Asker: 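Submitted below is the structure of interest, expressed as structure tokens.
A, B, ... follow the sequence lines: proteins, then strands. Residue 1 opens every chain. Reckoned from all heavy atoms, side chains included, excluding hydrogens, waters and symmetry mates. A quick note: this is a predicted structure, and the numbers were derived from the prediction, not measured.
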Amino acid sequence: MRVTLFSTCLVDLFYSNVGISTVELLEKLGCEVDYPKGQICCGQPAYNSGYKKDAKTAMKQLIKTFDDAEYVVTPSGSCALMLREYGHIFADDEKWAARSKALSVKTYELTDFIVNVLGIDSIPSTLQGKAVFHTSCHMTRLLGVKEEPKLLLSNVEKLEMKPLANAQNCCGFGGTFSVKMGDISAEMVQEKTRSIQEADVDYVIGADCGCLMNIGGRLKREKQDVEVLHIAEVLNRGMGV
Amino acid sequence: MSIKIKEGKFKDRVTDEMKNDFMRKAVSGAQDSLGNRRLTSTDKLGDWESWRTAGSEIRKHTIDNLVHYLSMLSEQISAKGGHVYFAETDEDARNYIKEVVRNKNATKVVKSKSMVTEEIGLNTALEEIGCEVVETDLGEYILQVDDHDPPSHIVAPALHKKKEQIRDLFVEKLGYDKTEDPGELAKHARKMLREKFLGAEIGITGCNFAVAETGTICIVTNEGNARMVTTIPKTQITVMGMERLVPSLEDLDIMVSLLTRAAVGQPISSYVTLLNGPKAEEEVDGPEDLHVVIVDNGRSKILGTEFQDILNCIRCGACLNVCPVYRHIGGHSYGSIYQGPVGAVLTPLLDGYDDHKDLPYASTLCGACTDVCPVKIPLHDLLLKHRQEIVEQGGRAPISEKLLMKAFGFGASSGGLYESGTKIASVSLKMLLRNKETISNGPGMMKEWTNSKEFPTLKTSRFRDWMSKHESEKKHEER
Ligand code: SF4
């Protein structure tokens with residue numbers, strides 16, 4: 001199956017490991033991964049700050065880039081959600097309505113794609129230790145991808161998943177919120193890292209690099225000995241070729 | 001009081017409020033326990049999602065046909081002998097009510113809980129004409145005794161107060177000499193209030209729902225104070241926002257089921273009072289004279305706009321109870337009598353952006369509010385619409401941010417620009433940071449981040465560079 005990867009700007013610039021793991025994982029699962037270089041950013045930073053016009057400029061670039069894709073897969077619930085919104089955002093724009101809607105329909109978050117399109121719910125991977133899963137808000141509530149990552153993680157060998165207190169509460173990232181309302185964001189993430197500490201785990205696993213950058217940044221500041229991993233990295237670990 | 005409760009900047013209020021450890025514990029504790037109770041009560045009801053759908057359809061239908069139902073309500077109340085007054089502004093509402101009070105030569109007023117009377121600043125207006133106005137909802141009473149401390153939660157107005165603080169307050173102002181035991185405190189308040197009830201000439205109530213078909217006013221409480229307010233005084237004035245109605249009693253049933261569960265996780269509140277006009281001849285209690293004041297005060301301007309859904313709100317407070325931002329900053333930070341997500345949407349609509357333009361940004365757009373709202377108001381979307389409005393219509397966004405976003409749109413749409421920009425950035429930053437993995441002390445806007453968190457550094461090799469190599473290796477293998 002041919003899959004077009006949308007790596008997201010965060011992965012491209014800061015978390016190349018996550019991109020690499022995503023590609024390797026998809027290839028091992030039998031996909032042929034295509035990566036059109038015209039892709040940059042889904043436009044969310046501008047869109048969620050109210051800059052619809054500037055966001056649309058970025059969005060059009062992405063629509064053009066992915067015109068020929070069959071499936072667009074991205075290792076981010078939040079960016080997948082943004083792409084799913086394109087159809088609504090351009091609904092009244094004659095020139096872009098059909099193309100944007102087509103992109104919305106064919107876009108999938110990585111675990112959603114693996115479980116619901118590829119039909120795979122167990123991947124032979126291994127990770128020794130205890131972990132909590134951070135349910136990112138956009139992915140869980142708004143995109144509605146809840147069970148898929150948990151299902152995949154439950155089948156990782158040697159990995160013990162533990163519950164996280166107040167898991168439903170936002171980590172305080174919120175894109176530009178984290179720099180516009182830095183003080184509030186700080187309190188939110190501190191409550192999150194406290195819960196993580198209380199859970200007494202080796203890893204925090206998530207499916208959105210924004211949240212992981214936020215939580216990881218705080219854990220590091222607190223010098224907590226907890227490794228932050230994207231789910232693609234976990235599923236790609238110890239997976240035989 | 002009016003909608004705005006505090007002067008100054010949002011960020012300064014937040015800084016102050018976040019220092020209040022007690023308030024924060026109280027809010028997070030209430031969120032956690034109310035959250036559990038809500039879930040238990042909604043689970044028991046069965047398919048909560050279909051209840052929400054039914055509720056949102058009723059509200060939407062009502063608001064879409066607001067004029068029709070308002071005139072129906074008005075006819076019904078008049079037919080029963082009540083008086084209906086439509087107040088276009090807060091001032092109109094105050095003037096009408098003052099007139100009623102003056103005509104009765106009354107000076108003693110008791111009130112049950114009502115947000116809209118706070119919105120129109122009714123208490124102060126009545127005090128100015130020489131009335132003693134007593135709040136009889138326990139939370140509101142505590143705030144009133146504390147020199148009109150503003151509410152911090154639309155359902156639990158005194159959520160931010162410690163029982164020890166309340167004891168000290170009662171000792172100082174109400175001649176109380178017992179402990180901080182909530183039971184004892186409530187008993188004392190009840191004793192004080194009983195006297196006020198018995199002497200009251202006018203009872204003022206809010207209105208949870210008015211039923212258009214029957215002219216019924218429905219008031220939901222847990223303390224029973226609304227019963228006293230509506231049975232003892234000879235005159236009753238009910239003040240309602242113009243959106244606060246449902247078509248029929250069947251609809252009311254659904255709305256009350258949603259309200260008490262969403263608000264406090266109760267299948268039903270201790271008291272649900274249904275009032276049908278002034279006292280009829282064969283009845284033994286109830287007011288002789290009933291006035292229903294229907295307040296617009298900016299609501300009709302919301303009709304037909306992309307914000308109309310906010311008029312569906314039933315003021316259950318559930319969105320406050322799940323909001324992770326409200327959790328840390330508390331109610332007073334919002335500077336409005338309407339707090340949390342609903343407050344952040346509603347306040348700028350009713351009172352303008354000038355004093356409240358930060359509120360729509362006090363959200364991570366996590367969607368917890370939208371998810372919990374019993375009438376499915378897309379709160380986080382409305383917050384986003386406010387941001388768009390602020391940026392695109394109002395010209396209120398900071399210039400630096402505007403330029404940044406322009407550059408973003410530009411950079412994120414031009415492959416060449418992104419290519420050179422990110423390459424240079426990563427090489428030069430890498431040189432600057434040498435062996436550092438993260439940035440601990442960032443410049444400018446980044447400081448807001450690095451004050452509490454490490455920021456990752458750009459990598460010299462981007463993912464796309466790896467991918468190019470990977471792709472050519474693959475090609476090589478194939479050959
Ligand atoms: S917006 Fe929804 S959740 Fe919030 S108070 Fe209104 S009805 Fe309740």
Side-chain angles (χ1 to χ4, degrees), chain A residues 5 7 9 11-16 18-20 23 35 37-38 40-41 43 45-58 60-61 137-138 141-142 166 168-175 177-191 213-214 216-218 220-221, chain B residues 11 14-15 18 32 322 324-325 327-329 361-368 370-371 384 386-392 397 401-402 405-406 408-415 418 422 426 438 440 445-449 451-459 461-464 466-468 470-471:
Chain A
L5 175 67
S7 65
C9 52
V11 165
D12 191 26
L13 298 175
F14 298 108
Y15 299 102
S16 45
V18 174
I20 296 168
V23 173
Y35 188 76
K37 297 288 187 317
I40 300 176
C41 169
Y47 188 73
N48 281 358
S49 306
Y51 292 81
K52 200 169 173 180
K53 243 174 57 203
D54 299 317
K56 276 178 153 179
T57 319
K60 286 177 187 166
Q61 168 71 14
C137 305
H138 283 175
R141 288 199 192 95
L142 305 177
N166 284 318
Q168 78 287 351
N169 278 353
C170 176
C171 71
F173 176 61
F177 174 86
S178 58
V179 287
K180 251 180 138 55
M181 301 271 168
D183 293 348
I184 307 176
S185 174
E187 296 297 323
M188 292 166 76
V189 75
Q190 281 173 52
E191 189 176 1
M213 176 163 118
N214 188 48
R218 181 63 203 173
K220 187 143 199 225
R221 178 64 57 88
Chain B
K11 282 204 165 181
V14 168
T15 309
M18 285 202 310
D32 296 347
V322 297
V325 170
R327 183 180 184 86
H328 292 284
I329 69 175
Y361 296 92
S363 162
T364 58
L365 304 182
C366 74
T370 301
D371 220 31
L384 184 54
H386 268 310
R387 296 181 188 183
Q388 286 168 3
E389 194 83 2
I390 288 168
V391 167
E392 274 155 25
E401 186 183 277
K402 277 192 190 160
M405 291 301 173
K406 268 256 151 354
F408 169 84
F410 211 56
S413 61
S414 146
Y418 177 83
T422 55
S426 51
T438 54
S440 307
M445 225 159 124
M446 200 197 266
K447 210 171 164 43
E448 290 249 358
W449 178 287
N451 275 341
S452 63
K453 295 166 280 211
E454 299 291 305
F455 192 80
T457 53
L458 294 161
K459 304 289 177 288
S461 142
R462 299 162 306 176
F463 166 69
R464 62 182 60 217
W466 177 88
M467 195 65 197
S468 297
H470 181 71
E471 278 171 339

Asker: Where on A:Y15 is there a heavy atom nearer than 4.5 Å to chain B: the side chain, the backbone, both, or neither?
Answerer: side chain
Asker: Chain A heavy atoms under 4.5 Å from B:H470: which part of the residue, side chain, backbone, both or neither?
Answerer: side chain
Asker: Locate the shortest heavy-atom distance separating A:M213 from B:F455; write the atom from each residue and the value.
Answerer: CE-CE1, 3.4 Å
Asker: Checking A:V18 against chain B: side chain, backbone, both or neither under 4.5 Å from a heavy atom?
Answerer: neither
Asker: Identify the heavy atoms of B:P456 and A:F14 that sit nearest to each other, and give their distance.
Answerer: O-CE2, 3.5 Å
Asker: Could you tell me whether the side chain of B:R327 and the main chain of A:M188 form a donor-acceptor pair under 3.5 Å?
Answerer: no
Asker: In terms of heavy-atom proximity below 4.5 Å to chain A, should B:S363 be classed as side chain, backbone, both, or neither?
Answerer: backbone
Asker: Give me the atom names and distance for the closest heavy-atom approach of B:T364 to A:C170.
Answerer: OG1-SG, 3.2 Å
Asker: Going from CD1 on A:I40 to CZ on B:R464, what distance comes out if it is rounded to the nearest 0.5 angstrom?
Answerer: 6.5 Å
Asker: Do B:H328 and A:Q190 make a side-chain contact, defined as non-hydrogen atoms from C-beta onward lying under 4.5 Å apart?
Answerer: no
Asker: Can you tell me how far CG of B:L384 sits from NZ of A:K52, rounded to the nearest 0.5 angstrom?
Answerer: 8.5 Å
Asker: Atom CG of A:D183 and atom OG of B:S452: how far apart are they, to the nearest 0.5 Å?
Answerer: 8.0 Å
Asker: What are the two closest non-hydrogen atoms of B:F463 and A:I20, and how far apart are they?
Answerer: CE1-N, 3.4 Å
Asker: To the nearest 0.5 Å, what is the distance between CD on A:E187 and CD1 on B:I329?
Answerer: 11.0 Å
Asker: Under a 4.5 Å heavy-atom cut-off, does chain B meet the side chain of A:N166, its backbone, both or neither?
Answerer: side chain
Asker: Flag the pair A:D12 and B:R462 as a salt bridge only when some basic side-chain nitrogen lies within less than 4.0 angstrom of an acidic carboxylate oxygen.
Answerer: no
Asker: Is chain A contacted by the side chain of B:Y361, its backbone, both, or neither, given a heavy-atom distance below 4.5 Å?
Answerer: both
Asker: Between B:M467 and A:S16, is there a side-chain heavy-atom distance shorter than 4.5 Å?
Answerer: no
Asker: Drop me the distance from B:K11's NZ to A:K180's NZ, to the nearest 0.5 angstrom.
Answerer: 8.0 Å
Asker: Based on non-hydrogen pairs under 4.5 Å, which of A:A55, A:G43, A:G175 is most in contact with chain B?
Answerer: A:G43
Asker: Rounded to the nearest 0.5 Å, what separates atom CG in A:N214 from atom CD in B:E454?
Answerer: 12.5 Å
Asker: Would you mind checking which part of A:I184 comes under 4.5 Å of any heavy atom in chain B, side chain (CB onward), backbone (N, CA, C, O), both or neither?
Answerer: both
Asker: Can you confirm whether the side chains of A:S185 and B:K453 place a donor and an acceptor under 3.5 Å from each other?
Answerer: yes
Asker: In terms of heavy-atom pairs under 4.5 Å, which option from B:H386, B:E471, B:M446 contacts chain A the most?
Answerer: B:E471
Asker: Give, as side chain, backbone, both or neither, the part of A:Q168 having an atom under 4.5 angstrom from any heavy atom of chain B.
Answerer: neither
Asker: For each of A:L142, A:L13, A:V11, tally heavy-atom pairs with chain B at distances under 4.5 Å, and name the one with the top tally.
Answerer: A:L13
Asker: Under a 4.5 Å cutoff for heavy-atom pairs, which residue among A:A46, A:G216, A:G172, A:C171 has the most contacts with chain B?
Answerer: A:A46
Asker: Would you name the heavy atoms of A:G182 and B:E448 that are closest together and state the gap between them?
Answerer: N-OE1, 2.6 Å
Asker: With a 4.5 angstrom heavy-atom cut-off, could you sort out which part of A:V23 is near chain B: side chain, backbone, both or neither?
Answerer: side chain
Asker: Please rank A:R221, A:Q61, A:K37 by heavy-atom pairs under 4.5 Å with chain B and give me the top one.
Answerer: A:R221
Asker: State, yes or no, whether a side-chain contact exists between B:R387 and A:Y51 at a heavy-atom distance under 4.5 Å.
Answerer: no
Asker: Counting only heavy atoms closer than 4.5 Å, note whether B:L365 contacts chain A via side chain, backbone, both or neither.
Answerer: both
